[in-house]
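Along the sequence shown, the residues carry numbers beginning at 1.
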Amino acid sequence: GGAHAQGSNAESFGLCLGGDYSKDWTPMEGWDLLADLAALLCAAFDVPVEQVIGHREVKALHPEATVTACPGDRWDMDAFRRALVGRPIT
């Protein structure tokens with residue numbers, strides 16, 4: 001208990017951008033910052049973009065995980081993954 005994504009913590013890292021993206025749109029500055037960090041971590045740890053998942057997607061891989069809507073309907077994980085492809089690492 002007490003970890004980010006039950007069932008997945010030993011093999012993953014979690015990134016967080018504060019907010020409720022079920023109600024609010026993601027600020028572009030936050031989107032870009034998180035995409036830059038995710039792309040950097042994917043490159044550093046040789047993680048394929050296809051393995052980048054949102055908190056709500058953990059349950060599909062780990063049935064013991066808690067159901068969550070995080071990061072919310074207004075955070076498009078498919079678009080986020082596409083944004084990581086070919087992103088310059090700075």
Side-chain angles (χ1 to χ4, degrees):
H4 183 76
Q6 185 178 5
S8 170
N9 293 299
E11 60 198 30
S12 66
F13 49 85
L15 305 178
C16 179
L17 181 64
D20 181 351
Y21 303 113
S22 294
K23 296 189 286 188
D24 302 319
W25 292 104
T26 308
M28 189 50 71
E29 298 85 7
W31 176 277
D32 285 337
L33 180 66
L34 213 59
D36 287 346
L37 180 56
L40 178 69
L41 290 168
C42 284
F45 293 98
D46 198 27
V47 175
V49 169
E50 298 80 22
Q51 290 184 10
V52 173
I53 62 171
H55 198 178
R56 68 176 172 248
E57 297 171 313
V58 172
K59 181 101 175 127
L61 299 173
H62 298 282
E64 70 278 14
T66 304
V67 174
T68 180
C70 179
D73 299 341
R74 295 188 175 188
W75 185 285
D76 184 338
M77 282 305 303
D78 291 326
F80 187 72
R81 284 184 279 269
R82 285 191 303 271
L84 302 182
V85 176
R87 193 171 196 91
I89 306 300
T90 55

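- When all heavy atoms of A38 and L84 are compared, the closest pair comes out as CB-CD2, 3.9 Å.
- Taken together through direct or relayed side-chain contacts under 4.5 Å among Ile, Leu, Val, Met, Phe, Trp and Tyr, V52 and V85 form part of one hydrophobic cluster.
- Considering every non-hydrogen atom in both S22 and A69, the closest pair reads OG-CB, 4.5 Å.
- Applying the salt bridge (charged side-chain N to carboxylate O under 4.0 Å, His left out) definition to pairs two or more places apart or across chains, those involving residues 45-62 are E57-R81.
- By the side chain to side chain donor-acceptor pair (under 3.5 Å) test, D24 pairs with no residue at all, sequence neighbours left out.
- In this structure, CG in D32 is found 12.5 Å from CG in L37, a value given to the nearest 0.5 Å.
- No single ILVMFWY cluster, assembled from side-chain heavy atoms under 4.5 Å apart, contains both L34 and I89.
- Taking the six-membered ring where the residue is Trp, F80 and W75 present tilted rings, their angle falling between 30° and 60°.
- With hydrophobic clusters built from ILVMFWY side chains whose heavy atoms lie under 4.5 angstrom apart, L40 does not share a cluster with W31.
- Rounding to the nearest 0.5 angstrom, the gap separating the CG atom in D73 from the CH2 atom in W25 is 9.0 Å.
- Between L17 atom CG and T26 atom OG1 the span is 7.0 Å, to the nearest 0.5 Å.
- When every heavy atom of D78 is checked against every heavy atom of D76, the shortest pair comes out as N-OD1, 3.0 Å.
- Residues Y21 and V67 do not share a hydrophobic cluster, defined by chaining ILVMFWY side chains whose heavy atoms lie under 4.5 Å apart.
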